[in-house]
Amino acid sequence: MTEVAEQFTEEQSGEVARISHWIDGRRVEGTSGRSGPVYNPATGEQSGEVDFATPEEVDAAVQAAKRAFESWRAVSLSRRTELFFRIRELFHSHGDDLARLLTLEHGKVLSDAKGEIARGLEVIEFCCGIPELLKGSYSEQASTGIDVYSIRQPHGVVAGITPFNFPAMVPMWMWAPAIASGNCFILKPSEKDPSASLLTAELLKEAGLPDGVFNVVHGDKVAVDALLEHPGVTAVSFVGSTPIARYIYETGTKHGKRVQALGGAKNHMIVLPDADVDMAADAAVSAGYGSAGERCMAVSVLVAVGDVADPLVAAIKERLPKVKVGNGLEPDSEMGPLVTREHRDKVASYIESGSEQGATLVADGRESAPDGDGFFLGVSLLDNVTTEMDAYRDEIFGPVLSVVRAETYDEALGLVNDNPYGNGVALFTRDGGVARQFQFDVTAGMVGINVPIPVPVAYYSFGGWKASLFGDSHAYGPESIHFYTRGKVVTSRWPDPATSKVDLGFPQTR
Ligand code: NAD
């Protein structure tokens with residue numbers, strides 16, 4: 001068992017663990033005197049205290065990464081591949097430790113935590129193919145005796161700033177392709193559930209990754225700003241809420257960095273009158289309440305078209321009392337608590353405002369939440385929601401599903417396309433022609449046809465449109481390799497002394 005995993009023994013000891021930075025292959029305790037609490041959301045107890053980095057501590061991580069870069073970038077592709085296979089095996093064999101950590105700090109149920117790791121592992125597996133992914137192109141005899149070829153090279157030191165809702169997987173979206181491409185990486189994880197990043201660091205070290213190639217600095221805006229402004233950091237990846245994503249993009253690019261910043265979402269699932277009602281209801285419940293709605297791809301708005309609305313709402317209502325809400329470590333729990341008390345209370349406020357603003361409260365999660373000090377909220381369903389209501393306008397990021405009733409397909413499509421976000425969207429229908437037209441018309445980055453959570457597989461890339469993405473690169477998949485490398489084109493001639501002469505004219509290809 002690794003050091004971090006040992007910290008979380010069978011039952012938590014009740015002690016508050018200190019969560020420190022990881023710089024140059026070892027734990028480094030913070031010196032800022034600033035820190036933040038980490039909770040077990042299922043019990044409401046504080047389990048950790050995480051150090052917040054100063055700009056000097058961020059600089060120490062950047063310097064360690066810079067020192068490691070020259071030799072890391074020179075490691076051959078076959079050695080990097082070998083290492084990534086070892087990383088894959090270690091994350092696979094420590095999957096249960098990692099999943100447990102996620103449940104203890106994030107609150108998601110164990111099966112969901114294992115699912116997060118499985119999807120992250122797919123990204124690591126994709127990176128095992130790094131020799132193929134970094135292949136350039138070659139044009140022989142572009143001009144007489146001249147060959148031209150393209151190569152892709154790493155930036156140097158790159159940083160990733162990640163959200164609370166996928167504390168292992170979203171960092172994997174970043175560090176795996178960044179490191180496989182030859183960069184050194186600095187992770188600034190969410191301060192709400194930071195321990196998974198340290199277990200990640202330990203596993204990477206155990207796999208044989210050289211010190212300094214992967215570093216972790218914890219913290220808040222101070223640490224983030226230090227990364228965004230540091231001249232030694234060349235590219236920044238961000239995943240989180242839209243206001244912060246916009247800030248990261250504007251600040252990072254102002255400081256000359258390449259930035260990809262994935263933001264928030266308001267994902268709609270449209271159900272047409274010809275859809276299978278039971279299948280759509282199962283999908284809506286799974287995608288609306290899975291991980292307590294704390295997924296950027298969660299379905300937040302169900303758009304019921306025409307006369308499907310009444311049977312669909314009835315079918316969902318019938319399923320809700322069966323959703324088991326409880327401590328994520330309990331094997332029969334299907335939905336855990338929310339990440340913090342403040343977040344739980346904010347989510348609950350949308351149940352209140354929704355009914356005050358005229359929605360029909362079909363199920364009230366405040367009444368069905370388990371007792372105790374955990375940050376629990378049961379499942380809520382609001383019907384007859386309209387576009388002016390707060391529950392429709394805001395990203396709630398909790399187990400509150402809103403039903404908007406639309407007369408026609410065009411009205412439903414208009415709702416999605418007028419929405420400021422454009423992350424995921426789903427259409428439930430049996431009509432292939434309509435589905436094909438929908439895929440053509442809709443303004444969102446990830447589209448599901450009878451699939452409620454269309455997270456792309458690891459060999460495609462993940463990203464939204466509109467206010468769900470700032471920058472032009474999506475995460476993981478081929479776009480990530482492009483993001484974490486720079487192109488270089490080499491024009492080469494091997495001198496043949498017999499044909500050499502002085503020529504002041506502009507070089508021509510013919
Ligand atoms: P958040 O924006 O509050 O935090 C994300 C990161 O930014 C954290 O590391 C945090 O410490 C840092 N941060 C917070 N405030 C900051 C500030 N003022 N200045 C600089 N840095 C700051 O997001 P969250 O609450 O951790 O995560 C939930 C959000 O993430 C939701 O909006 C969700 O939709 C989004 N998300 C999006 C995707 C996607 O792929 N588009 C994936 C997962 C989550």
Side-chain angles (χ1 to χ4, degrees), residues 34-36 38 50-53 55 58 105-108 116 119-120 123 159-174 186-194 196-197 216-229 236-252 259-267 291-300 338-340 342-344 346-347 394-398 419-425 444-446 453-456 461-471 473-477 479-480:
R34 293 193 318 118
S35 59
V38 177
V50 58
D51 291 335
F52 284 2
V58 169
E105 288 189 353
H106 174 282
K108 61 179 70 180
E116 166 174 354
R119 290 308 297 262
V123 176
I161 300 153
T162 52
F164 80 82
N165 67 324
F166 286 106
M169 181 187 77
V170 169
M172 286 176 189
W173 290 2
M174 301 176 183
I186 300 175
L187 174 63
K188 205 305 282 172
S190 170
E191 66 280 23
K192 297 190 179 102
D193 41 19
S197 63
V216 180
V217 288
H218 296 290
D220 55 3
K221 184 170 163 47
V222 173
V224 171
D225 285 346
L227 286 167
L228 293 175
E229 291 165 12
V236 175
S237 300
F238 172 87
V239 174
S241 61
T242 286
I244 311 297
R246 183 181 283 115
Y247 170 77
I248 300 282
Y249 184 75
E250 289 174 358
T251 312
V259 181
Q260 56 172 184
L262 283 72
K266 192 77 186 173
N267 305 312
S291 201
E294 292 173 324
R295 290 181 184 140
C296 66
M297 291 292 275
V299 167
S300 172
L338 289 149
V339 69
T340 59
E342 295 70 36
H343 187 55
R344 191 264 318 268
K346 184 164 178 237
V347 172
D394 295 353
E395 181 188 31
I396 301 175
F397 220 57
N419 198 275
Y421 297 104
N423 215 40
V425 67
M446 292 168 284
I453 305 189
V455 174
S461 295
F462 180 109
W465 287 16
K466 301 186 278 188
S468 297
L469 176 77
F470 300 86
S473 282
H474 289 196
Y476 66 77
E479 292 197 28
S480 67

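Atoms within each ligand, like the ligands themselves, are counted from 1 in listed order.
The CZ atom of F166 sits 7.5 Å away from the NE2 atom of H106 when rounded to the nearest 0.5 Å. Residue L227 holds its CG atom at 9.5 Å from CG of L187, rounded to the nearest 0.5 Å. If you take CE on M172 and OG1 on T162, they are separated by 12.0 Å, rounding to the nearest 0.5 Å. With values rounded to the nearest 0.5 angstrom, F397 atom CZ is found 10.5 Å from S300 atom OG. The OG atom of S461 sits 10.5 Å away from the CE atom of M446 when rounded to the nearest 0.5 Å.
Proximity to C296 (heavy-atom distance under 4.0 Å) selects the following atoms of ligand 1: 34 (O), 36 (N), 37 (C), 38 (C), 39 (C), 40 (O), 42 (C), 43 (C), 44 (C). Close approach of ligand 1 to I161 (heavy-atom distance below 4.0 Å) involves ligand atoms 6 (C), 7 (O), 9 (O). Interface atoms of ligand 1 facing N165, defined by a heavy-atom separation under 4.0 Å, are 43 (C), 44 (C). Ligand-side atoms of ligand 1 in range of F238: 2 (O), 5 (C), 6 (C), 7 (O), range being under 4.0 angstrom from any heavy atom. Set against the non-hydrogen atoms of E395, the atoms of ligand 1 under 4.0 Å away are 31 (C), 32 (O), 33 (C), 34 (O). Heavy-atom contacts of K188 reach the following atoms of ligand 1: 8 (C), 9 (O), 10 (C), 11 (O) (cutoff under 4.0 Å).
Classified by interplanar angle (parallel below 30°, tilted 30° to 60°, perpendicular above 60°), the ring pair Y476/F462 is tilted.
The one candidate from N423, D394, I396, V299 that meets the side-chain contact (heavy atoms from CB on, under 4.5 Å) condition with K266 is I396.
Atom 20 (C) of ligand 1 has as its closest protein heavy atom V224 CG1, 3.6 Å. Nearest non-hydrogen protein atom to atom 35 (C) of ligand 1 is G240 O, 3.1 Å.
Ligand 1 has no N or O atom lying under 3.5 Å from any N or O atom of T242, backbone or side chain. In terms of polar-atom proximity, defined here as any N/O pair under 3.5 Å, K221 makes no such contact with ligand 1. Taking only nitrogen or oxygen atoms, main chain and side chain alike, T162 reaches within less than 3.5 Å of ligand 1.
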Test log, rule side-chain contact (heavy atoms from CB on, under 4.5 Å), inputs L338 and E294: CA-CA 8 Å; L338 289 149; E294 292 173 324; 3.2 Å; yes

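The option with the heavy atom closest to atom 41 (N) of ligand 1, from among G464, P167, G263, G36, is G263. For atom 27 (O) of ligand 1, the choice among P163, P194, A475, A223 with the nearest heavy atom turns out to be P163. The option with the heavy atom closest to atom 40 (O) of ligand 1, from among F462, F397, Y421, F164, is F462. Taking each of I244, T251, L262 in turn, the one with a heavy atom nearest to atom 13 (N) of ligand 1 proves to be I244.
Counting heavy atoms under 4.0 Å from ligand 1, residue E191 touches it through the side chain alone. Residue contacts with ligand 1 for E294 are absent, since no atom lies close enough (heavy atoms, distance under 4.0 Å). With a 4.0 Å cut-off on non-hydrogen atoms, D220 does not touch ligand 1 at all.
Remark: R246 engages T242, E250, F470 in a side-chain contact (heavy atoms from CB on, under 4.5 Å) (not counting sequence neighbours). Not counting sequence neighbours, the partners of A223 by the side-chain contact (heavy atoms from CB on, under 4.5 Å) test are A53, V58, K188.
Annotation for G424 and N267: closest pair N-OD1, 2.9 Å, computed over non-hydrogen atoms.
Counting protein heavy atoms under 4.0 angstrom from atom 4 (O) of ligand 1 gives zero.
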